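Everything below concerns the one structure shown next.
What you see is a predicted model; the values in this text were computed from it and never measured.
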Amino acid sequence: MIGGAMFDVFAVPRQLTAVARRVLVSTLEAVEAVPKIAAALDDVRSTLKHSERLATFAAGELPEIVYQLEEIKARLEKLETRTEAS
């Protein structure tokens with residue numbers, strides 16, 4: 001029994017050391033991941049800015065595209081009318 005009790009006494013410090021080691025390793029891994037996370041966030045911000053510029057461009061060009069499509073439609077209707085009259 002005494003040997004078993006001594007084993008338990010020594011097991012606790014080893015378990016605490018193992019837990020402390022795991023916490024330290026996890027903390028170091030998290031710290032090492034911070035630059036990667038920051039780089040990923042920069043990429044996301046860059047993509048959002050690019051998407052915003054693209055959306056602004058599309059919104060500016062949309063009225064012109066609609067106007068051109070209306071012109072094409074009017075021309076096609078004139079051609080259709082001419083074709084039906086022939």
Checklist entry - CD/E52 to OG1/T47 distance, rounded to the nearest 0.5 angstrom? => result 12.5 Å
Item to check | P63 to G60 - nearest heavy-atom pair and separation | outcome: CD-O, 3.5 Å
Checklist entry - Atom CD in E61, atom OG1 in T56: separation rounded to 0.5 Å? => result 12.0 Å
Donor-acceptor contacts, no H, no angles, side chain residues 68-85, under 3.5 Å, sequence neighbours left out:
| unit_1 | atom_1 | unit_2 | atom_2 | d |
| --- | --- | --- | --- | --- |
| Q68 | NE2 | E64 | OE2 | 2.9 |
| T81 | OG1 | E77 | O | 2.8 |
| T83 | OG1 | L79 | O | 2.7 |

Checklist entry - Are the side chain of S46 and the backbone N or O of D42 linked by a donor-acceptor pair below 3.5 Å? => result no
